[in-house]
Amino acid sequence: MNYNFTEIEKKWQDYWEENQTFRTPDLKDIDKSKPKYYVLDMFPYPSGDGLHVGHPEGYTATDIVARYKRMKGFNVMHPIGWDSFGLPAEQYARKTGIHPEISTENSISRFRKQLKSLGFSFDWKREVATSHEDFYKWTQWIFVKIFNSYYDDEAGRARPIEELPVPPGLVEKERKDYVNSRRLAYLADVPVNWCPELGTVLANEEVPEQVEKGYTVVRKNMRQWNLRITKYAERLLNGLERLDWPSNVKELQKNWIGKSTGASVIFEIDGAAGRSGSVEIFTTRPDTIYGASYLILAPEHKLVKEITSEEKADEVRKYIEDASRKSDLERAELAKDKTGVFTGSYAVNPVNGKKIPVLVADYVLVSYGTGAIMGVPGHDERDNEFARKYSLGIIPVVAPEGLDDEGLREFSRKTVSGEECFTGEGVSVNSGMIDGMRTPEAIEAICNWLEANGKGRRTVNFKLRDWLFSRQRYWGEPFPIVHLEDGTIKSLSNDELPLVLPETAVFTSGASGEPPLANAGEWVNISDQETGLKAIRETNTMPQWAGSCWYFLRFLDPHNTNEFCSKEAERFWMPVDLYIGGMEHAVLHLIYARFWYKVLYDLGYVSYDEPFSKLFNQGMILGEDGVKMSKSRGNVINPDDVIKEFGTDSMRLFEMFMGPLEATKPWSTKGIEGLNRFLKRIWRLVIDEETGALSSKIADDCWDESIIRLINKTIKKVTDDIEDGDMKFNTSISYMMIFINELYKTERFSKEVIEKFILILSPFAPHIAEELWSRLGNKPSIQNVPWPEYDPELVKEETVTIVFQVNGKVRSKLDMNAGTSEKEIEDAALDDEKVKKHILGKQIVRIVTVKDKMVNVVVK
RNA sequence: GCCCGAGUGGCGGAACUGGUAGACGCGCAGGACUUAAAAUCCUGUUGGCUGUAAAGUCAGUAUCGGUUCGAUUCCGAUCUCGGGCACCA
């Protein structure tokens with residue numbers, strides 16, 4: 001009776017389903033004396049193509065951990081669901097006329113079936129989909145909470161908007177405007193990335209991906225929803241420190257948040273034709289202020305018009321117009337050739353009274369800092385390039401430390417001529433009050449002076465921008481917002497949620513950027529219950545990230561109709577103990593989800609301030625040819641085919657055996673054959689293929705000590721590999737193979753030994769494990785059997801191979817009892833024939849001995 | 001350009017805190033079983049040189065250098081590949 005994986009896998013999948021083996025009980029029914037473990041996969045977007053082999057990689061890893069933890073006696077939460085809103089379904093609808101809801105449900109069914117065929121131990125009773133009404137009701141509910149909150153800068157947290165102190169003496173309209181200007185979700189006319197082909201705006205971070213696909217993205221001013229994530233910049237940055245995340249992801253988020261510390265400085269304008277005012281600039285190097293030879297305003301800077309002289313007005317206006325037509329991307333691409341125009345006005349350097357020209361240049365971004373900079377061409381690469389192009393003066397004000405007079409002269413000459421641009425820290429020169437100070441000291445001194453004289457202050461800036469939160473799409477969460485005819489906006493009340501998507505059949509947006517929902521007249525035009533005013537609904541929808549910002553909370557209490565998740569369930573299960581997904585979500589999803597969680601924390605709906613304690617990124621699986629799988633290359637491996645040919649257990653095992661989880665590695669059909677062979681070897685060890693009965697090699701009275709030692713070592717290795725969190729299951733599988741190879745060499749082995757082996761195999765290859773476990777006469781499910789312990793005494797080596805070296809080269813080896821004294825192994829080394837041969841006639845200088853390891857005889 | 005990460009047999013990859021480099025698998029070679037093949041089992045497999053063999057010997061973890069009795073592991077420089085950011089002042 002051969003190893004019939006198809007039959008076995010079907011049988012046990014049915015068994016698990018019928019017996020609800022992986023059901024995590026509701027909170028009230030849980031044995032709370034046992035520790036909890038929340039192991040989460042990044043839920044998939046159910047695309048029409050079905051699963052690819054990359055999906056099972058991460059899912060297998062989490063499944064191994066989940067099954068292991070259950071056997072270790074943990075309460076395990078291991079859910080799955082669907083990130084089911086998204087553009088592809090909508091594009092498909094435009095092409096075929098099939099409603100996104102229908103195609104999405106079809107895709108979900110397909111994904112569900114495929115995931116079930118992989119034997120993952122998900123609790124399917126907790127399945128959720130972001131596009132289902134009972135899910136997005138709560139996405140909308142959270143949005144309303146965000147909308148109705150403001151950030152209390154002093155307390156450093158969000159609060160309900162009712163608690164916002166409003167300045168007295170405001171009329172109703174002013175009061176409303178004031179409140180609206182503080183909300184964590186707000187409407188603003190912002191320059192957005194408009195993609196005409198997709199008919200929607202894109203978040204900054206989404207642009208590169210779409211451009212790569214060949215879409216055009218242009219800049220356009222549109223009234224859009226934004227979330228005030230910038231208020232959380234500092235907390236999002238600091239929170240990273242405590243997380244057990246890969247350092248590169250932390251680094252990416254850190255760069256994305258982009259904190260920089262410096263000063264803002266006020267320059268008075270000494271303008272042409274009596275124009276005046278002042279410009280505030282931001283710099284991280286206030287110590288270089290004596291080297292400022294010009295000021296630059298971003299084209300969109302408010303002051304540009306005011307300070308531009310009449311004779312320069314035409315030129316400046318034209319420059320601004322040109323700049324406004326460029327997208328951010330174009331600006332960046334054209335960056336190599338910096339351009340700018342003189343405004344005709346001058347600014348006065350507060351530290352030395354020097355008059356310097358004020359220019360407009362689009363290499364300065366309006367959205368960062370104050371939208372204005374001081375140009376220090378001696379010590380900033382960009383300013384240097386610009387100054388050389390427009391022949392603006394270069395003044396050396398920071399010299400590298402330790403230069404002598406001659407060196408300093410040379411350095412100055414090179415700086416002035418533009419040959420050198422020193423951007424590092426050093427010693428201030430030509431810098432009045434800070435001459436001779438080292439950079440950190442000089443920065444302090446200048447900041448103190450600026451603050452004392454009211455010319456500036458210490459400032460912190462972040463690269464992080466507010467999150468552009470609306471999209472002109474159909475297939476997303478509608479905003480629970482109405483615009484009243486009096487021009488005010490209000491959020492829906494809880495009993496009006498969910499605000500369900502209209503069954504509109506038109507999925508195209510207007511060229512002007514009118515979203516598809518604007519076509520649904522009846523849905524859009526309403527009258528407000530409370531005031532009786534005419535109103536229109538918000539017709540934008542939320543971006544795909546919205547649902548994934550909080551789905552991990554819904555899993556904990558998926559059928560709760562009163563709350564998005566009960567506080568008790570949240571407190572018990574959160575934070576997520578292990579979160580596995582692809583590197584592509586390192587910044588966006590993971591920063592947005594942290595942000596929402598922190599808002600919910602501030603408002604008292606969750607009890608921790610970070611949602612994901614440990615994060616792990618799985619690597620990509622490449623095609624057999626070593627390049628990324630793609631339809632056009634024809635190197636795509638379909639998991640369904642693999643399962644048909646080799647079975648799920650082989651596939652799971654192979655995906656883990658290919659290498660460390662985080663590595664990018666190529667698929668190999670030969671490789672999976674090897675793992676299939678391994679499972680067949682295990683099968684034949686237990687089952688007599690002729691008769692179908694248990695193998696006659698299994699005996700109760702056979703206690704081969706070396707095998708017992710080996711199974712203990714194998715248990716230890718597998719246990720340690722799962723516990724240490726490095727996700728290197730390739731070595732666990734190697735050890736299991738070694739064990740099986742050894743077992744093949746023995747005549748007989750005890751039932752207990754093979755049972756222990758099957759237990760540790762079970763998280764990796766659960767179907768064959770269940771089958772063999774029950775054939776050995778045990779009651780299913782193997783998932784309910786405790787994980788085997790190893791005997792620490794038995795994993796210790798009794799004999800160790802001592803290496804004898806002469807001058808660091810291995811010359812001989814000897815097996816000795818573990819724990820033999822250094823003296824003894826040293827004597828043994830000196831007594832060794834081969835060692836003797838190599839030290840013959842030479843003088844022993846030194847002998848290095850490491851217990852249980854080696855002896856190195858150093859001779860001359 | 002800047003910031004991360006990685007370079008180990010024909011291939012995927014092992015090697016604990018510096019202590020036998022190449023575990024395990026794939027591939028390949030040889031053998032057993034078979035009329036034959038597949039399947040299966042067993043043996044070998046970093047390279048060079050010497051040797052019929054046993055064995056010996058040198059080189060070897062991208063390259064060059066350093067620290068050390070001893071370096072895949074630590075330090076410095078260089079090269080290559082992968083990923084991210086890209087005028088953030």
Side-chain angles (χ1 to χ4, degrees), chain A residues 2 205 208 246-252 254-256 258-260 262 281-285 288 296 328-329 331-336 338 361-365 367-376 379-383 385-386 423 461-465 583-584 586-587 619-620 626 653-654 657-660 662-675 677-678 680-681 684 689 720 724 728 730-738 740-741 744-745 800-813 834 837 845-850 852-859:
Chain A
N2 295 341
E205 44 274 30
S247 57
N248 58 333
V249 175
K250 287 192 188 184
E251 195 64 29
L252 283 171
K254 220 165 147 182
N255 292 342
W256 189 260
K259 179 179 181 176
S260 47
I281 62 99
F282 174 72
T283 176
T284 53
R285 291 292 298 273
T288 63
I296 298 188
D328 275 350
L329 208 82
R331 273 203 197 185
E333 268 171 12
L334 299 168
K336 279 149 208 143
K338 291 189 175 43
D362 68 1
Y363 82 89
V364 174
L365 307 174
S367 50
Y368 183 76
T370 59
I373 62 153
M374 62 179 187
V376 185
H379 306 284
D380 181 285
E381 298 277 1
R382 296 152 301 182
D383 297 342
E385 193 190 320
F386 189 74
T423 58
N461 263 310
F462 294 93
K463 282 206 306 197
L464 185 72
R465 307 289 157 79
M583 190 63 194
E584 65 274 19
V587 182
M620 213 189 342
L653 226 35
F654 174 62
F657 187 70
M658 292 194 309
E662 79 268 23
T664 301
K665 54 236 153 183
W667 184 260
S668 160
T669 301
K670 284 288 176 194
I672 191 168
E673 279 176 28
L675 274 296
R677 209 170 291 153
F678 171 58
K680 283 196 252 179
R681 276 165 73 80
R684 281 196 302 272
E689 292 198 308
D720 291 352
D724 72 15
K728 289 184 174 174
N730 52 332
T731 54
S732 311
I733 296 168
S734 294
Y735 269 67
M736 291 195 252
M737 287 171 168
I738 292 169
I740 290 301
N741 289 347
Y744 260 76
K745 289 176 193 160
V800 286
T801 306
I802 307 292
V803 174
F804 298 154
Q805 299 179 346
V806 177
N807 284 350
K809 281 188 177 150
V810 179
R811 294 303 176 186
S812 184
K813 304 168 191 186
K834 287 169 194 154
K837 193 177 127 195
V845 181
R846 189 177 159 185
I847 300 175
V848 183
T849 308
V850 180
D852 291 347
K853 291 255 166 128
M854 46 79 63
V855 178
N856 186 11
V857 185
V858 186
V859 295

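All values reported here derive from a predicted model rather than from experimental measurement. Protein chains get the first letters and strands the later ones, always in sequence-line order, with residue 1 at the start of each.
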Across the strands shown, which category fits [X] at heavy-atom distances under 4.0 angstrom: base, sugar-phosphate, nothing?
{"X": "A/Met854", "result": "base"}
{"X": "A/Val803", "result": "base"}
{"X": "A/Ser668", "result": "nothing"}
{"X": "A/Gln805", "result": "base"}
{"X": "A/Ser247", "result": "nothing"}
{"X": "A/Lys250", "result": "nothing"}
{"X": "A/Gly258", "result": "nothing"}
{"X": "A/Ser260", "result": "sugar-phosphate"}
{"X": "A/Asn741", "result": "sugar-phosphate"}

Report yes if at least one side-chain N or O of [X] is closer than 4.0 Å to OP1 or OP2 of [N]; otherwise report no.
{"X": "A/Arg846", "N": "B/G70", "result": "no"}
{"X": "A/Asn730", "N": "B/A14", "result": "yes"}
{"X": "A/Arg681", "N": "B/G25", "result": "no"}
{"X": "A/Lys853", "N": "B/G18", "result": "no"}
{"X": "A/Thr664", "N": "B/G83", "result": "no"}
{"X": "A/Tyr363", "N": "B/A89", "result": "no"}

Nearest to the [X] side chain among [options], which nucleotide is it?
{"X": "A/Lys670", "options": "B/A23, B/G19, B/C26", "value": "B/C26"}
{"X": "A/Thr284", "options": "B/A89, B/C85, B/A14", "value": "B/A89"}
{"X": "A/Glu251", "options": "B/C87, B/G12, B/C3", "value": "B/C3"}
{"X": "A/Arg677", "options": "B/C85, B/G27, B/A23", "value": "B/G27"}
{"X": "A/Asp380", "options": "B/A21, B/A89, B/C24", "value": "B/A89"}
{"X": "A/Asn856", "options": "B/G70, B/G27, B/G56", "value": "B/G70"}
{"X": "A/Ile738", "options": "B/A23, B/C87, B/U20", "value": "B/A23"}
{"X": "A/Tyr744", "options": "B/C58, B/C41, B/A14", "value": "B/C41"}
{"X": "A/Lys665", "options": "B/G19, B/G12, B/C3", "value": "B/G12"}
{"X": "A/Val848", "options": "B/C58, B/G19, B/G12", "value": "B/G19"}

Self-check item: Pair A/Asn741-A/Arg681, side-chain donor/acceptor within less than 3.5 Å
Solution: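 A/Asn741 vs A/Arg681: donor-acceptor pair found between side chains.
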Quiz prompt | Distance (rounded to the nearest 0.5 Å) between A/Ile733 CD1 and A/Ile740 CD1 | solution =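 Here the rounded value is 13.0 Å.
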Self-check item: Rounded distance (nearest 0.5 Å) linking atom CE of A/Met736 with atom CZ of A/Phe657
Solution: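 Result: 10.5 Å between the selected atoms.
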Measure [atom1]/[X] against [atom2]/[N] and give the value in whole Å, please.
{"X": "A/Lys338", "N": "B/A89", "atom1": "NZ", "atom2": "C1'", "answer": "11 Å"}
{"X": "A/Lys463", "N": "B/C3", "atom1": "NZ", "atom2": "P", "answer": "13 Å"}
{"X": "A/Phe678", "N": "B/C41", "atom1": "CZ", "atom2": "P", "answer": "12 Å"}
{"X": "A/Asn248", "N": "B/C4", "atom1": "CG", "atom2": "C1'", "answer": "7 Å"}
{"X": "A/Glu381", "N": "B/A89", "atom1": "CD", "atom2": "P", "answer": "14 Å"}
{"X": "A/Glu584", "N": "B/G82", "atom1": "CD", "atom2": "P", "answer": "19 Å"}

Quiz prompt | Check: A/Asp383 main-chain N/O paired with A/Asp380 side-chain donor or acceptor under 3.5 Å | solution =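 Looks like yes, one N/O pair under 3.5 Å.
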Quiz item: Is a donor on one side and an acceptor on the other found under 3.5 Å between the side chain of A/Arg285 and the backbone of A/Thr423?
Solution: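 Judged by distance alone, yes, a pair lies under 3.5 Å.
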Taking atom [atom1] in both [N] and [M], what distance in whole Å separates the two?
{"N": "B/G70", "M": "B/U20", "atom1": "P", "value": "15 Å"}
{"N": "B/G9", "M": "B/G13", "atom1": "C1'", "value": "11 Å"}
{"N": "B/C4", "M": "B/A89", "atom1": "C1'", "value": "23 Å"}
{"N": "B/G19", "M": "B/U34", "atom1": "P", "value": "50 Å"}
{"N": "B/C24", "M": "B/A15", "atom1": "P", "value": "13 Å"}
{"N": "B/U72", "M": "B/U8", "atom1": "C1'", "value": "7 Å"}
{"N": "B/G25", "M": "B/U45", "atom1": "C1'", "value": "14 Å"}
{"N": "B/U68", "M": "B/G10", "atom1": "C1'", "value": "35 Å"}

Any strand is fair game: report the nucleotide pairing with [N] by Watson-Crick or G-U wobble, both distances under 3.5 Å, or none.
{"N": "B/G18", "result": "none"}
{"N": "B/A6", "result": "B/U80"}
{"N": "B/G25", "result": "B/C11"}
{"N": "B/A89", "result": "none"}
{"N": "B/A53", "result": "none"}
{"N": "B/A71", "result": "none"}
{"N": "B/U40", "result": "B/A32"}
{"N": "B/A59", "result": "B/U46"}

Exercise. Could you label the plane-to-plane angle of the A/Tyr368 and A/Phe282 rings as parallel, tilted or perpendicular, counting under 30° as parallel and over 60° as perpendicular?
Key: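 Geometry flag for A/Phe282 against A/Tyr368: perpendicular rings.
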Self-check item: Quiz item: cation-pi between A/Lys259 and A/Phe462, 6.0 Å / 45°
Solution: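 No - A/Lys259 does not lie over the ring of A/Phe462 by the 6.0 Å and 45° rule.
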Quiz item: When the nearest nucleotide of RNA chain B is assigned to A/Leu675 and to A/Lys837 on a heavy-atom basis, which residue is associated with the more 5' position?
Solution: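 Closer to the 5' end of RNA chain B: A/Leu675.
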Practice problem: Work out which heavy atom in A/Val859 is nearest to a heavy atom in A/Asn807; give both atom names and the distance. | Solution: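 So the two residues come closest at N-OD1, 2.9 Å.
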Quiz item: Taking all non-hydrogen atoms of both residues, which atom of A/Gln805 and which atom of A/Met854 are closest, and how far apart?
Solution: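 In terms of heavy atoms, the two residues are closest at OE1-CE, 3.5 Å.
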Quiz item: Yes or no on side-chain contact (heavy atoms from CB on, under 4.5 Å) for A/Ile373 and A/Tyr363, after CA distance, side-chain angles and deciding distance?
Solution: CA-CA 10 Å; A/Ile373 62 153; A/Tyr363 82 89; 4.0 Å; yes
Exercise. Answer syn or anti for B/G9, where the cut-off is 90° from 0 on the glycosidic torsion.
Key: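 Syn, since the glycosidic angle lies within 90° of 0.
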